[in-house]
Structure formats: C-alpha cells, structure tokens
Amino acid sequence: MAKKERVLIMGNHACVLGAIYAGMRFYAGYPITPSTEVAEGCARELPKIGGRFIQMEDEIGSIAAAIGASISGVKSMTATSGPGYSLMVENIGYAYMTETPVVIINVQRGGPSTGLPTKVSQSDTMQAQWGPHGDNTAIAVAPSTIYETFTETVRAFNLAERFRSPVTILLDEVIGHSRQVVTLPDPGELEIFNRTKPTCPPEEFEAFAMTENLVSPMPAFGDGYRYVCTGLTHDTRGFTTNRPDEIAPKLHKLRHKIVDYKEEIVKLRDEYMDDAEIAFVSYGSVARAALQATSIARKAGAKVGAVQLFTIWPFPDEQIRQLCSRCRKVVVGELNMGQIIHEVRRVLPPDIEVHGLQRFDGEILTPMQLVEKLEEVI
Amino acid sequence: MSTVVKEKDKQRSDVILQYLRPRKAMPTVWCAGCGNGIVMSAIIRAVDNLGLSKDNVVMASGIGCSSRMPIYLDFNALHTTHGRALAFATGVKFARPELKVIVVTGDGDALAIGGNHFIHACRRNIDITTVLINNNIYGMTGGQGSPTTPAHAFSTTTPFGNAEKQFDPCGLAQAAGASFVGRGTVYHTPQLEKLIMQAIEHRGFSLVEVISNCHTYFGRLNKQGDAVTMINDFKDRAVPLAKAQKMTPEELKGKYVIGLLHKEEKTEFCDVYDDTVKHLTGGKQA
C-alpha cells in the first residue's frame with residue numbers, strides 16, 4: 001500500500017478539499033475575512049475538475065446562486081463570516097422552506113456589526129439556529145482541528161443531502177487560519193451520501209411528498225419533473241397554500257425530518273468521562289484547549305473529563321445529559337458572552353452546577369485559563 | 001370571415017392551455033385587466049414558437065404580482081425571495097448551462113431591492129432572459145412608489161407627488177453591459193412576442209422591458225383611468241426606435257421608445273468559464 005501523502009494546510013483550505021471530496025462542484029461567494037481563503041481555494045481548484053466558481057456581487061447573491069445550483073442538481077456551498085452570514089439568513093430560510101441541500105461555512109469573527117475581522121470568536125452559534133425568521137430546525141456542526149475541518153465538511157454535505165436541508169459549518173478564526181500537517185482520507189474511505197432522486201413517473205410526482213422519513217426525493221431542474229419551488233408555504237405539490245390543514249403539516253415536516261432523526265446527526269467526543277466528577281463542555285478551538293486542560297488536571301489527580309460538541313444544532317440534549325450524569329459540576333468554555341451554556345443548563349438536572357468561562361476580547365481561551373477556572377469551582 | 005377569426009382565436013388559446021400547470025387551481029392573483037396576463041401569453045407563444053422543451057425551461061422570479069407567473073406555468077419554477085431572482089437564476093444557469101433560464105420580474109423587484117443583482121447580471125452577460133414588467137408601482141403591497149414611478153406621480157408613499165427621479169431600465173441595462181435590450185408594451189403584443197423570442201434566442205444577457213398597466217393602483221391614484229384606457233394610452237405614447245431617432249428629447253418627453261434598442265455580439269459568461277475549464281482539464285471536461 002502506497003504511503004499516504006501528508007500535507008500542510010490551513011483550516012479554510014481543508015474546507016475546500018473536504019467539500020470537493022464530498023462532491024461539491026459549485027461555489028458562489030463574496031470575499032470576507034477570515035473566510036476568504038475558502039473562496040480563493042475554490043476559485044483555484046474547481047475549474048480543474050470541471051466544477052464552477054463564481055464571485056457574486058454580495059453575500060445575498062452568493063447563497064442565492066448556491067441554492068439555485070443545488071436545485072439544478074449540483075452539490076454547492078458558500079463561505080462567509082459573521083456580517084456576511086447575517087446577510088445570508090433570509091435565503092438560508094428559503095433553503096429550509098424549499099428543502100434544498102446547501103452548505104454554508106461561517107468562519108466566525110468578533111461582532112456585533114463589522115466587529116473584529118481578524119480576531120477569534122464563537123458568537124454566531126445562536127445565529128446559526130435562530131438567524132432566519134420563522135420556525136426552523138437548523139443543522140450546524142463545529143470542528144476543532146484541521147483534520148476535523150476536512151471530515152466535518154464531508155459530514156456537513158452528507159447531512160445536507162440526507163435531510164434536504166442547509167447545513168452550517170461553524171469554524172472560528174483560529175481553526176480557519178491555523179495550519180496543521182494532516183493525512184487526508186483516500187477517495188472512498190469516507191462514505192458519501194447523495195440526495196434521493198424520484199423514481200415515479202413525472203405525472204405522479206409530488207415535489208414535497210410526505211414520505212416515511214419525511215424527506216422527499218429531489219429531482220434536479222431539467223430531469224423532467226417540473227415542479228414549483230417556492231419560499232411561500234406550500235402543499236405537497238409545491239403550490240402555495242393558506243390552508244391551516246396544509247400549513248401545519250409542512251412545518252411539522254420541516255422540524256420532524258430533523259429532530260426525529262437526531263441520532264444520525266449528533267456527534268460528540270468524550271475523554272476521561274467514565275469517572276469524571278467535573279466535565280468541560282466545549283466546541284471549536286476551545287475544545288482543544290479543554291482537552292489539554294483535562295490532561296493537566298488528570299496529572300494533578302483531579303477527576304476531570306471533556307465533552308466536545310461536533311454537532312451544535314440540533315442540540316444534543318440526551319447525549320450531554322447521559323455523558324454528564326455522574327458529574328457534580330460542568331464548565332462550559334466559550335468565545336462569546338455565553339450562548340451554548342444556556343443550552344447545557346437547560347438539558348442538565350438542577351443538581352449539576354454549570355459554570356461558564358467566557359472570553360470575548362478577541363483572544364483564545366488557553367488551557368491554563370481553563371485549569372484556573374477548574375481550581376476556582378472545585 | 002368571422003368563423004376564420006374564431007378558429008384562429010381558438011388555436012391561440014389552445015397554445016396557452018398547453019402551458020398552464022396541470023392540477024393548479026386558477027384563477028391567478030392578478031386583477032382583472034392586468035397586463036401580466038398579456039405578458040404571460042407573449043412568453044408562452046415565444047417559447048412555443050421556438051419549440052423549446054418545457055423540461056429545459058426554468059422560469060425564475062422574485063416577489064411581486066408579476067413574480068407569481070412561474071407558479072402558473074408548466075416549466076421548472078423557481079419562485080424566490082424579493083429581488084433575488086437573478087442571483088438564483090445565475091446559480092441555475094451557471095450550474096446547468098444547457099437550461100433556458102427566463103426571469104420574470106417587476107420594477108420594484110428588479111430595480112430597487114434587486115438592483116445590485118440586476119446590474120451585475122448585465123455586466124457578466126450571463127445567458128439569462130429577463131422580462132421586466134414595468135407598471136411604475138408596487139402592486140402586491142398596495143401601490144407604493146417604485147424606482148420607475150415618474151417624478152411628481154402619486155403613490156401611497158408619495159402622497160404629495162414623487163420627489164425622486166425614475167430609472168430607465170433599458171438605459172441602465174445597456175450601460176451595465178447587457179448585450180440585448182428591448183422594450184415593448186402590453187398594447188403591442190405581436191411585437192412583444194417577437195422581442196421575447198429574439199431575447200431567448202440571443203446568447204448573453206437579454207432584457208425585455210414591458211410597459212404594463214396597474215390600473216388598480218397607479219391608474220387610480222394618478223387618474224389614468226381603467227385598464228382599457230391605460231393600455232390605449234400605451235399605444236398613443238409608444239414611439240418605434242426608427243422614428244424616435246429623428247425626434248428631439250423635448251418631443252420624446254413622456255413617450256416610450258419601443259423595439260429592439262440594443263444588440264451586440266459579446267462573449268458570454270458561462271462560455272468564457274467553460275473555455276478555462278477545457279484549457280485546465282485538457283478538453284476533457286467543461
């Protein structure tokens with residue numbers, strides 16, 4: 001067996017390679033720091049393999065073009081950072097409503113507004129769920145290393161295709177811009193999921209049919225299944241509706257096609273949790289600091305464990321409850337003023353103390369800061 | 001004589017019926033007498049005359065009265081967010097250049113909220129046909145001023161007369177780089193049908209602006225009468241391009257210059273990108 005090639009790449013480039021590995025062949029985007037290297041990588045790599053890159057006039061156009069390409073049958077994505085993500089949310093809502101798979105990379109930076117273009121932040125975690133207006137159930141994932149950025153990008157595409165849904169990848173600036181030597185998987189090593197296509201004759205086709213798993217087969221424009229794709233609330237055929245008996249089932253479908261299959265979406269990593277009395281819960285770059293803080297604390301004899309969230313939305317309620325069930329205390333480290341800590345508090349029984357360590361000055365949380373927090377709450 | 005006319009009318013309406021979406025309950029959301037129906041039939045005839053397969057036509061739109069059109073027609077329908085039709089359509093066309101993409105939009109949709117996408121689609125010269133139905137007002141939200149509401153005209157948001165100046169969509173498109181620009185009205189239907197046909201056949205970004213009537217709001221608020229009066233007024237105010245070229249700006253005030261206003265052969269965006277792909281892949285892929 002040939003020795004695998006080891007490459008030195010940055011997180012943003014790992015997104016490009018992961019997406020191409022997953023079958024992405026269409027990218028539309030608008031430059032914004034710290035996500036720009038994703039666009040640059042796609043501009044360079046996609047035409048070499050017959051894919052397409054377009055720099056749109058703004059972020060609204062970027063997500064729109066990506067959705068249009070996906071409806072035409074091509075796996076597509078866009079990348080941006082905080083302010084650009086804010087501009088995209090209306091059309092992300094359109095993708096939820098029209099059940100269109102599309103991947104959005106948000107390399108988070110400090111905010112609000114233009115904020116801190118080159119500083120780290122995790123302050124868009126709530127926006128990834130609650131950005132678009134109206135009820136929606138989001139899928140968002142967050143890697144913490146360069147290798148994970150590659151694999152989570154592949155997973156994001158698989159989830160988008162499986163659930164016919166937009167999927168947000170929440171990177172933070174540190175992950176997007178840091179470089180690591182990684183050994184990338186060979187083609188075929190990771191499973192690739194493609195959307196289910198309809199097999200019925202076109203005259204029997206209903207674009208948003210209520211199937212057993214609530215995900216309808218999706219044809220591409222040009223396949224011969226002509227249907228109405230609209231952001232207006234619609235019936236199973238895609239026709240706009242105002243009827244309560246059609247509105248409620250549509251919204252039920254959008255929610256339950258995801259929450260009922262949460263097991264397929266949720267992914268966590270736990271270290272030293274078997275006998276842990278105190279647990280770190282974290283994601284993104286903080287998760288790496290938490291792992292190191294955990295081993296420092298273990299060496300000092302403290303029963304500390306770490307839980308890393310790969311899936312942020314839908315929030316892994318049961319899994320966190322189960323993993324932390326024996327803990328007395330939980331420490332949530334975040335690069336914001338406290339967003340996921342409320343979710344953690346919500347899912348844990350009241351007798352488990354939940355402490356937060358929040359940093360929102362544009363700097364990372366260091367392992368020693370997490371260790372100090374442990375000493376404080378112990 | 002009259003039976004011949006009736007027979008012709010029947011054939012013309014049979015063509016329309018073939019393109020209405022099966023299983024879609026009618027009527028449309030449009031007011032009686034609205035020009036949108038006339039534009040819809042012109043588009044249908046243009047597509048029918050060209051012999052395009054319904055499967056290969058994508059009709060995209062944003063939000064507004066005219067933007068409901070794709071829901072009624074039996075093509076691949078993309079009814080998107082307000083002003084964004086051209087951005088969505090760019091994704092469709094660039095991902096699948098073999099599809100014929102027609103965008104139907106209104107003056108508010110294309111030129112206000114969608115103004116940026118409009119000028120950049122023109123600049124790229126991407127092969128999309130845009131039919132811009134211009135009735136000088138926001139119809140769906142109830143008669144507010146739009147970027148083509150004339151100076152001093154009345155709307156619900158310009159109750160004392162419009163203080164702003166209006167856009168000329170055709171001039172804007174040409175300046176931004178569109179390679180086919182034409183204007184028609186809902187009175188001059190055979191010419192409109194032909195313009196739309198030529199626009200669809202043209203390789204590059206094509207704009208057909210259609211002067212249309214919103215008698216419900218614009219007509220009423222500006223005392224321009226009912227649908228028939230307004231449409232007849234287009235007949236009086238329309239000037240063919242050849243004639244207009246001999247007229248002074250003063251004489252052209254308040255008139256609509258109609259016909260094919262601008263056409264040039266220019267490289268198209270998808271074609272240029274495909275050349276790059278072919279070059280990079282040694283001709284294997286495009």
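To find a chain, count down the sequence lines: A is the first, B the second, and so on, and within it residues start at 1.
Side-chain contact between B:H117 and A:D58 is present, with heavy atoms from C-beta onward closer than 4.5 Å. Using a 4.5 Å heavy-atom threshold, the side chains of A:Y227 and B:N76 count as separate. In this structure the side chain of A:R226 never reaches within 4.5 angstrom of the side chain of B:V58, judged on heavy atoms.
In this structure, chain A has heavy atoms under 4.5 Å from both the backbone and the side chain of B:R23. Within the 4.5 angstrom heavy-atom criterion, only backbone atoms of A:Y225 (N, CA, C, O) approach chain B. Heavy-atom distances place both the backbone and the side chain of A:F221 under 4.5 Å from chain B. Both the backbone and the side chain of B:L78 come within contact range of chain A, with heavy atoms under 4.5 Å apart. Within the 4.5 angstrom heavy-atom criterion, only side-chain atoms of A:R237, from C-beta onward, approach chain B.
Ranking A:M97, A:M56, A:E203 against chain B, the residue ahead of the rest is A:M56, based on heavy-atom pairs under 4.5 Å. Top candidate by heavy-atom pairs under 4.5 Å with chain B, chosen from A:D223, A:I71, A:I54, is A:I54. Between chain A and the residues B:D74, B:T276, B:L99, the most heavy-atom pairs under 4.5 angstrom are made by B:D74. Highest contact tally toward chain B, considering only A:N91, A:I67, A:T240, A:V74, is held by A:N91 [criterion: heavy-atom pairs under 4.5 Å]. When each of A:I49, A:L46, A:I63 is scored by its heavy-atom pairs under 4.5 Å with chain B, the top score falls to A:I49.
Nearest heavy-atom pair across B:A87 and A:G61 is CB-CA, 3.6 Å. Contact between B:T281 and A:K48 at its shortest, heavy atoms only, is CG2-O, 3.2 Å.
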Start with the C-alpha gap between B:T80 and A:Y94, add the side-chain angles, then the distance that decides, and say whether side-chain contact (heavy atoms from CB on, under 4.5 Å) holds.
-> CA-CA 8 Å; B:T80 69; A:Y94 181 87; 3.9 Å; yes
Take B:Y273 and A:F53, measure what ring-ring contact (aromatic ring centres under 6.0 Å, His included) needs, and give me the verdict at the end.
-> CA-CA 9 Å; B:Y273 196 88; A:F53 166 90; 7.7 Å; no
For A:L232 and B:R68, run side-chain contact (heavy atoms from CB on, under 4.5 Å): C-alpha distance rounded to whole Å, both residues' side-chain angles, the deciding distance at 0.1 Å, then the answer.
-> CA-CA 11 Å; A:L232 288 167; B:R68 289 293 175 104; 3.7 Å; yes
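The pair A:E57-B:R124 meets the salt-bridge criterion, since a charged nitrogen lies less than 4.0 angstrom from a carboxylate oxygen. B:D274 has a carboxylate O that lies under 4.0 Å from a charged side-chain N of A:R52, or vice versa, which qualifies the two as a salt bridge.
Of all residues spanning residues 32-57 of chain B, those with a heavy atom less than 4.5 Å away from chain A's heavy atoms are B:K54, B:D55, arranged by number. Within residues 90-97 of chain B, the residues approaching chain A closer than 4.5 Å by heavy atoms are, in numerical order, B:T90, B:G91, B:V92, B:F94, B:A95, B:R96, B:P97.
A 6.0 Å sphere centred on CG of B:D14 holds more than 12 heavy atoms belonging to other residues, nucleotides or ligands. With a 6.0 Å radius and a threshold of 12 heavy atoms from other residues, nucleotides or ligands, A:F205 has its CZ atom above the threshold. Atom CG of A:D245 has more than 12 heavy atoms from other residues, nucleotides or ligands within 6.0 Å. Crowding of A:E5 atom CD: a count of heavy atoms from other residues, nucleotides or ligands under 6.0 Å not exceeding 12. Around the CZ atom of B:R123, the shell of radius 6.0 Å holds more than 12 heavy atoms that belong to other residues, nucleotides or ligands. Shown here is B:E164, whose CD atom has no more than 12 heavy atoms of other residues, nucleotides or ligands within 6.0 Å.
The line from NE2 of A:H234 to CD1 of B:I71 is 10.5 Å long, rounded to the nearest 0.5 Å. Interatomic distance, CZ of B:F88 versus OG1 of A:T98, reported as 7.5 Å (0.5 Å rounding).
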